[in-house]
Amino acid sequence: MVEEHLNIKQSSSISICNILVSEDPGLWPENINNDFATILVKRGPVQVHNHNFLVNDDGRKFSDNYYYRRLPNGEKTNREWFLYSISKNAVYCFCCKIFGKTASIFFNIIQEIYVFFSSSIKRWSLINKHVPELKLKPLSDTRWSSRVDAVKPLRYHICKIFDALIEIYENTSEFDVTTTHKAHSLTLNIQNYKFICSTIIWFDILNEINSLSKMMQNPTMNVKLCIGLLKNLIDSFKNDRSNANFNKILEEANKIAMDLNIEFCRFKSDDFNVKNKSWKMQIYKHYWNPAQSTLELVRELNVDRITIIKHLRNMLFK
């Protein structure tokens, strides 16, 4: 097992901590901070090959063959994200282990919505009635662009999709109990402020990547231009992480939240680093209307804007 000696600067001080980061995902901490994740991403996933894999209680064991997948066209591709842990005798998803299960849960909901409507002619006709100009798209294992196609309907037509689900849920005379229950479950997933923010963020990210991907597939694309476009994409992602851009995402999410009648959110005193106790009491007692802009919230509480945005980001993506 290869280990790297890493130096990570702490944001609170100039001190440097020496950390040994193993290639074994089973030895990574449960809560991975940004610096730790950056090191892992730069190094990339490391798969274990030619190892004497242990047999579990069921008499089964891992194999190098599981790293590969045979596509319908016969092509054999490597699942680079698929990792084996020697210490745990278990398998992990590289991205899920680093960034948590938030992304996988989000895309599972997207897929569930598509499957729910597409598995019934009646339900598919109903969603077409609510969203005639745009069709729901499934996720695909072989097409990267399928992800942005799948998120796009929810990014711009989430309220109409929500209305279609509500119509199914309330129409107990035409739909059975299982269908209405599933529709209700999906409405609860959609009627969630974190899900709304995820929809906006993921669409922006995937749309930028997809646009660049299509340009790079052009036969006339040269290396110099390609490098320039990749640098622009990296700069764009850095800008996406700014407080100003995050505030813009919240503003857009607030508009959608108002249309979906999402309940107020409560701020707790522990969520903000406010020294003045009177401000802590105001924040604790305050109910934040999602339709209210972040700037209006800041003016009302008279608290530093950057502090509000920073802690909102931690609350949403912790």
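Just so you know, residue 1 is the first one in the sequence shown, and it goes up from there.
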Stepwise side chain to side chain contact (heavy atoms under 4.5 Å, CB included) check, L83 with V46: CA-CA 7 Å; L83 303 180; V46 180; 5.7 Å; no
Side chain to side chain contact (heavy atoms under 4.5 Å, CB included) between L40 and K97, worked out: CA-CA 11 Å; L40 292 174; K97 182 63 177 176; over 6 Å; no
Derivation of the side chain to side chain donor-acceptor pair (under 3.5 Å) call for N171 and S173: CA-CA 5 Å; N171 195 347; S173 60; 2.9 Å; yes
Derivation and outcome, side chain to side chain contact (heavy atoms under 4.5 Å, CB included), residues N254 and Y193: CA-CA 8 Å; N254 290 343; Y193 192 74; 2.7 Å; yes
Intermediate values then yes/no, side chain to side chain contact (heavy atoms under 4.5 Å, CB included), R147 and I209: CA-CA 11 Å; R147 286 163 176 74; I209 295 175; over 6 Å; no
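Side-chain contact annotation: N218 with T220, donor-acceptor N/O pair under 3.5 Å present. Judged purely by distance below 3.5 Å, without hydrogens or angles, the side chains of S146 and D149 never pair a donor atom with an acceptor atom. Checking Y84 against D24 by side-chain atom types alone, no donor-acceptor pair falls below 3.5 Å.
Note: the hydrophobic cluster containing L165 also contains V115 (ILVMFWY, side chain heavy atoms under 4.5 Å, direct or indirect links). Cluster annotation: Y92 is not connected to I105 through the hydrophobic network of ILVMFWY side chains, with a link wherever side-chain heavy atoms come within less than 4.5 Å.
Between M216 and L230, the shortest heavy-atom distance links the atoms SD-CD2, 4.3 Å. Closest approach of Q191 and N261 over heavy atoms only: NE2-O, 3.7 Å. Between I110 and F195, the shortest heavy-atom contact is CD1-CZ, 4.3 Å. Closest approach of I200 and A253 over heavy atoms only: CD1-N, 3.6 Å. In this structure, F117 and I127 approach most closely via the heavy-atom pair CD2-CB, 3.7 Å. Residues A183 and F116 share a closest heavy-atom pair of CB-CZ, 3.8 Å.
Around CG of N73, the count of heavy atoms belonging to other residues, nucleotides or ligands within 6.0 Å exceeds 12. No more than 12 heavy atoms of other residues, nucleotides or ligands lie within 6.0 Å of NE2 in H181, so this atom counts as exposed by the packing criterion. Other residues, nucleotides and ligands place more than 12 heavy atoms under 6.0 Å from the CG atom of L188. In N239, the CG atom is crowded: over 12 heavy atoms of neighbouring residues, nucleotides or ligands sit closer than 6.0 Å.
Under a 3.5 Å cut-off, the side chain of N247 and the backbone N or O of N243 do not form any donor-acceptor pair. Judged by distance alone, with hydrogens and angles left aside, the side-chain atoms of D64 form a donor-acceptor pair with the main-chain N or O of N50 at under 3.5 Å. In this structure, the side chain of S198 engages the main chain of K194 through a donor-acceptor pair within 3.5 Å. Not a single donor-acceptor pair under 3.5 Å links the side chain of S236 to the backbone N or O of N232. Between the side chain of R79 and the backbone N or O of Y68, at least one donor-acceptor pair lies under 3.5 Å.
Note that CG of D259 is 10.0 Å distant from CD1 of I158, once rounded to the nearest 0.5 Å. With rounding to the nearest 0.5 angstrom, the CG atom of L126 is 5.0 Å from the CD1 atom of I168. Taking CG of N192 as the start and CD1 of I109 as the end, the distance is 7.5 Å to the nearest 0.5 Å. Taking CD of Q111 as the start and CG of N108 as the end, the distance is 8.0 Å to the nearest 0.5 Å. To the nearest 0.5 angstrom, I196 atom CD1 is 11.5 Å from L250 atom CG. Atoms NZ and CD1, from K238 and I234 in turn, are 7.0 Å apart once rounded to the nearest 0.5 Å.
The shortest distance between side-chain heavy atoms of N78 and Q47 falls below 4.5 Å. Annotation: side chain of V131 is not in contact with side chain of P153 (no heavy-atom distance under 4.5 Å). Contact of the V48 side chain with the Y67 side chain is registered, since non-hydrogen atoms from C-beta on lie closer than 4.5 Å. Contact of the I113 side chain with the I190 side chain is registered, since non-hydrogen atoms from C-beta on lie closer than 4.5 Å. With contacts defined as side-chain heavy-atom distances shorter than 4.5 Å, the pair R155/E252 qualifies.
Judged by the 6.0 Å and 45° rule, K182 forms no cation-pi pair with F175.
Between F62 and F53, the ring-plane angle classifies as perpendicular under the 30° and 60° cut-offs. Aromatic ring orientation, H184 versus Y169: parallel (interplanar angle below 30°, classes split at 30° and 60°).
The one candidate from L225, N210, L229 that meets the side chain to side chain contact (heavy atoms under 4.5 Å, CB included) condition with M215 is L229.
Aromatic pair F203/Y156: ring centres closer than 6.0 Å. Checked against the 6.0 Å centroid threshold, F36 and W28 do not count as a close aromatic pair.
In this structure, the side-chain contact (heavy atoms from CB on, under 4.5 Å) partners of R60, at least two apart in sequence or on a different chain, are N56, D58.
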